[in-house]
Amino acid sequence: MEYTKPYRSLFGEDGILEPFAKKIERRLGDMEGFFADEEAYKSLLKEDPLIYTVYEMPAPAEEGQFSYATTILYPGKVGEEYFMTKGHYHAKRGTGEIYVGISGCGVLLMQTQEGEVKSMEIVKGTVAYVPPYWAHRTINTGGENFVFLAIYPADASHDYGSIAEEGFAKILVERDGRPRLIGKDEY
Ligand code: PAN
Ligand code: ZN
C-alpha cells in the first residue's frame, strides 16, 4: 500500500499558504452574470479588478483524504453588492466543509437545493460548519481583505454550474452603510 506522506503549510493574517500547490485568481471578468447590477458590472469591468485569490493544497482525490485552502477575498462592491466568491455545491453532494476565519470580516452564505438559506458572520477565530448538501459562498462585508481557511474532503469536487445558472436566492447588499440580505429579485 502506498501511503500519502504527511505535510503541513503555514499562513499568516495575509492568508498566503506556504507552501501551496495551486493558486487560483478570480477577476471580475470571470464572474459574468454573478452580480445583480449588470450596468455596474459592465462599468467596473474596464478595470477588471481581482475579486479573490485561493491558495490550495489538494490531497489525492480519494475517500478519507482532506484538502485545505485559504481564500483572500478583496474588499469592494459591484453596485450595492459586495465582492463575493462564485459559490458552489460539492459535486459529491454528501460532503461537508469547515471554514475558519483568519482576518477581516464577511459572511458565509449557504443554501440547500430546496432553497433554504442560512447566513453567518465570519471573523478571525470563527469556525463554521457547512454540512453536506449546502451550497456555499463567502462575501466580504468589510473594508479590508477577508481571509479564511477551508478544509474539505479531497474527493468533494466543485459543482459551479448550478450556482452559475440560478445563483443564490438571496444576495448581500450595502444599504444605509450596513450589510443587508435581500431576495435576488428585490435588487
Ligand atoms: C473554498 C472555495 C474558495 C473559492 O475553498 O473553493 O473560497 O470559492 P469558489 O470555489 O466558490 O470560487 C471551498 O469551499 N472549497 O470547497
Ligand atoms: Zn466547498
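Source: prediction; values computed, not measured. One-based numbering along the sequence shown. Counting starts at 1 for both ligands and their atoms, following the listed order.
- Distances from atom 7 (O) of ligand 1 to the heavy atoms of I163, T71, T53 put T71 nearest.
- No side-chain donor from either of H158 and H90 sits under 3.5 Å from a side-chain acceptor of the other.
- A donor-acceptor contact closer than 3.5 angstrom links the side chains of Q65 and T4.
- Shortest distance from the Zn ion (ligand 2) to H136 is reached at NE2 (N/O/S atoms only).
- Looking at E56 and F20, their side chains never come closer than 4.5 Å, going by heavy atoms from C-beta outward.
- With respect to E80 and R180, no salt bridge is recorded, no charged nitrogen being found less than 4.0 Å from a carboxylate O.
- In this structure, of Y160, Y152, Y99, the residue bringing a heavy atom nearest to atom 14 (O) of ligand 1 is Y99.
- Within 6.0 Å of the CD atom in E174, the count of heavy atoms belonging to other residues, nucleotides or ligands exceeds 12.
- Against a heavy-atom cut-off of under 4.0 Å, Y52 is close to the following atoms of ligand 1: 4 (C), 8 (O), 9 (P), 12 (O).
- Close N/O approach between T138 and ligand 1 is not found [any backbone or side-chain N/O within under 3.5 Å].
- Atoms of ligand 1 lying under 4.0 Å from at least one heavy atom of E97, given by number and element, are 1 (C), 13 (C), 14 (O), 15 (N), 16 (O).
- Ion pairing of D159 with K92 is absent here, as no side-chain N (NZ or NE/NH1/NH2) approaches a carboxylate O to less than 4.0 Å.
- Nearest to atom 11 (O) of ligand 1 by heavy atom, out of P153, G87, A156, is G87.
- A heavy-atom distance below 4.5 Å is not found between the side chains of M57 and F66.
- Not one N or O of V54 is nearer than 3.5 Å to an N or O of ligand 1, by distance alone.
- Residue F148 has at least one heavy-atom neighbour below 4.0 Å for each of these atoms of ligand 1: 7 (O).
- For atom 5 (O) of ligand 1, the nearest non-hydrogen atom of the protein is A150 CB, 3.7 Å.
- Shortest distance from the Zn ion (ligand 2) to E97 is reached at OE1 (N/O/S atoms only).
- Side-chain contact annotation: Y68 with S9, donor-acceptor N/O pair under 3.5 Å present.
- Taking the side chain as every heavy atom from C-beta outward, T53 and Y55 approach each other to under 4.5 Å.
- Considering CD of E25 and CZ of R27, their distance stands at 6.0 Å, rounded to 0.5 Å.
- Look at H90 and you'll find a heavy atom under 4.0 Å from some atom of ligand 1.
- Among the atoms of H90, an N, O or S atom falls under 2.8 Å from the Zn ion (ligand 2).
- Only side-chain heavy atoms of H136 come within less than 4.0 Å of ligand 1; its backbone N, CA, C and O stay farther off.
- Counting only heavy atoms of the protein, atom 2 (C) of ligand 1 lies nearest to H88 CE1, 3.8 Å.
- For atom 8 (O) of ligand 1, the nearest protein heavy atom (residue, atom name, distance) is T85 CB, 3.5 Å.
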